[in-house]
Amino acid sequence: MTSLLTLTPIFGLLFASLITPGPNNFIVLFAAKKHGLGFVAKPISGIILGGVTVIILTLLGLDKIVHAYPIVRKVMVIVGGGYLLYIGSLMFRETGSTPEVYNSYGFFSLALFQIINVKTWVMAVTVSSSAITVLNIWQAVVVVSAMLVALGYVCLYFWASFGRLVDHLLSSEKARKTVNQVLGGVLMVSSVWLVVSEII
């Protein structure tokens with residue numbers, strides 16, 4: 001019988017992965033800052049659905065394809081980096097039209113992004129490795145997926161709330177624009193570094 005204590009490492013790994021800064025957190029923070037908390041429900045749900053999908057694929061052993069064929073990882077990193085560069089440019093310029101913003105931060109686009117998000121795969125591999133030491137595969141699928149859903153909403157709404165707080169604290173439009181440019185710049189630099197480090 002698996003005790004709650006044996007699940008603590010899984011909980012800790014998931015929490016650390018979800019709460020620490022990364023592409024998903026920055027996207028949610030910016031979306032909430034610019035469009036409000038009501039806007040981020042679908043993007044967050046998309047991120048979580050994509051994360052659960054990657055967890056299940058990892059537990060079923062499909063992550064081994066990435067390790068067996070380095071070209072697959074390279075393609076994932078390049079496509080993912082390109083997507084982040086595009087999102088970062090939208091943040092930096094703040095010129096995206098409403099349809100463009102919805103498509104970029106939408107449920108399906110962010111769910112699909114998790115399939116090529118390196119941080120999501122690292123989280124999935126790490127958590128899955130820990131889970132299968134105390135659970136069988138199908139128990140791990142249910143338990144880890146449930147934990148990811150619960151922690152995902154808590155952590156991403158924390159970042160979204162922080163985005164709204166920042167927006168309220170900034171008194172001038174110039175200050176808001178500067179913060180947007182910093183967020184966008186960080187995301188663009190990170191995406192370029194990710195691709196370059198993979199290619200070199």
Side-chain angles (χ1 to χ4, degrees), residues 10-11 13-32 39-67 69 71-91 100-131 137 140-160 163 183 186-188 190-195 197-198:
I10 304 171
F11 180 93
L13 288 169
L14 274 175
F15 180 76
S17 298
L18 291 164
I19 200 66
T20 51
N24 293 329
N25 310 84
F26 281 125
I27 291 171
V28 167
L29 184 152
F30 178 80
F39 178 87
V40 298
K42 286 185 178 180
I44 288 177
S45 296
I47 290 170
I48 291 172
L49 174 63
V52 168
T53 301
V54 172
I55 286 284
I56 293 173
L57 291 176
T58 303
L59 285 168
L60 294 178
L62 294 187
D63 63 302
K64 293 179 177 60
I65 295 175
V66 178
H67 296 293
Y69 301 96
I71 188 64
V72 175
R73 176 185 167 87
K74 286 186 183 297
V75 170
M76 289 170 58
V77 170
I78 291 171
V79 174
Y83 177 78
L84 290 179
L85 186 63
Y86 170 66
I87 293 295
S89 70
L90 283 184
M91 293 181 183
E100 188 178 20
V101 169
Y102 271 92
N103 289 335
S104 303
Y105 307 148
F107 177 87
F108 290 108
S109 60
L110 286 174
L112 289 172
F113 170 60
Q114 304 316 304
I115 305 298
I116 52 175
N117 184 353
V118 174
K119 185 181 179 184
T120 301
W121 280 97
V122 170
M123 174 192 72
V125 170
T126 306
V127 170
S128 297
S129 299
S130 176
I137 293 295
V141 166
V142 173
V143 171
V144 176
S145 296
M147 283 187 176
L148 178 57
V149 171
L151 286 173
Y153 277 108
V154 171
C155 293
L156 291 174
Y157 265 108
F158 169 81
W159 279 86
L183 289 173
V186 168
L187 207 54
M188 287 191 290
S190 299
S191 66
V192 171
W193 176 85
L194 183 68
V195 172
S197 63
E198 180 66 28

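At least one side-chain heavy atom of N24 sits under 4.5 Å from a side-chain heavy atom of T120. Annotation: side chain of L187 is not in contact with side chain of L183 (no heavy-atom distance under 4.5 Å). The closest side-chain heavy-atom distance from Y157 to V40 is below 4.5 Å. Side chains of L156 and Y153 form no contact here, defined as non-hydrogen atoms less than 4.5 Å apart. A 4.5 Å side-chain heavy-atom check between P21 and W159 finds at least one atom pair inside the cut-off.
For the residue pair V77 and V195, the shortest heavy atom distance occurs at O-CG2, 3.8 Å. The two residues G152 and I48 have their closest heavy-atom pair at C-CD1, 3.7 Å. In terms of heavy atoms, L18 sits closest to L151 at CD1-CB, 3.7 Å. Nearest heavy atom pair, residue I116 against residue W121, reads N-NE1, 4.4 Å. Nearest heavy atoms, V122 versus T126: O-OG1, 2.8 Å.
Distance CG/L13 to OG/S129: 9.5 Å, rounded to 0.5 Å. One finds the OG atom of S145 at 7.0 Å from the CD1 atom of I55 (value rounded to the nearest 0.5 Å). Distance check: L29 CG to N25 CG gives 8.5 Å after rounding to the nearest 0.5 Å. Between L59 atom CG and I137 atom CD1 the span is 5.5 Å, to the nearest 0.5 Å. Note: L84 CG to F113 CZ = 4.0 Å, rounded to the nearest 0.5 Å. Here CD1 of I78 is found 12.5 Å from OG of S191. Values are rounded to the nearest 0.5 Å.
Around the NZ atom of K119, the shell of radius 6.0 Å holds more than 12 heavy atoms that belong to other residues, nucleotides or ligands.
The one candidate from T58, L148, T20 that meets the side-chain contact (heavy atoms from CB on, under 4.5 Å) condition with M123 is L148.
Distance alone, capped at 3.5 Å, places no donor-acceptor pair between the S128 side chain and the V125 backbone. Formation of a donor-acceptor pair under 3.5 Å by the S89 side chain with backbone atoms of Y86 is found in this model.
Applying the ring pair (Phe, Tyr, Trp, His ring centres under 6.0 Å) test to F11 and every residue at least two apart in sequence or in another chain returns nothing.
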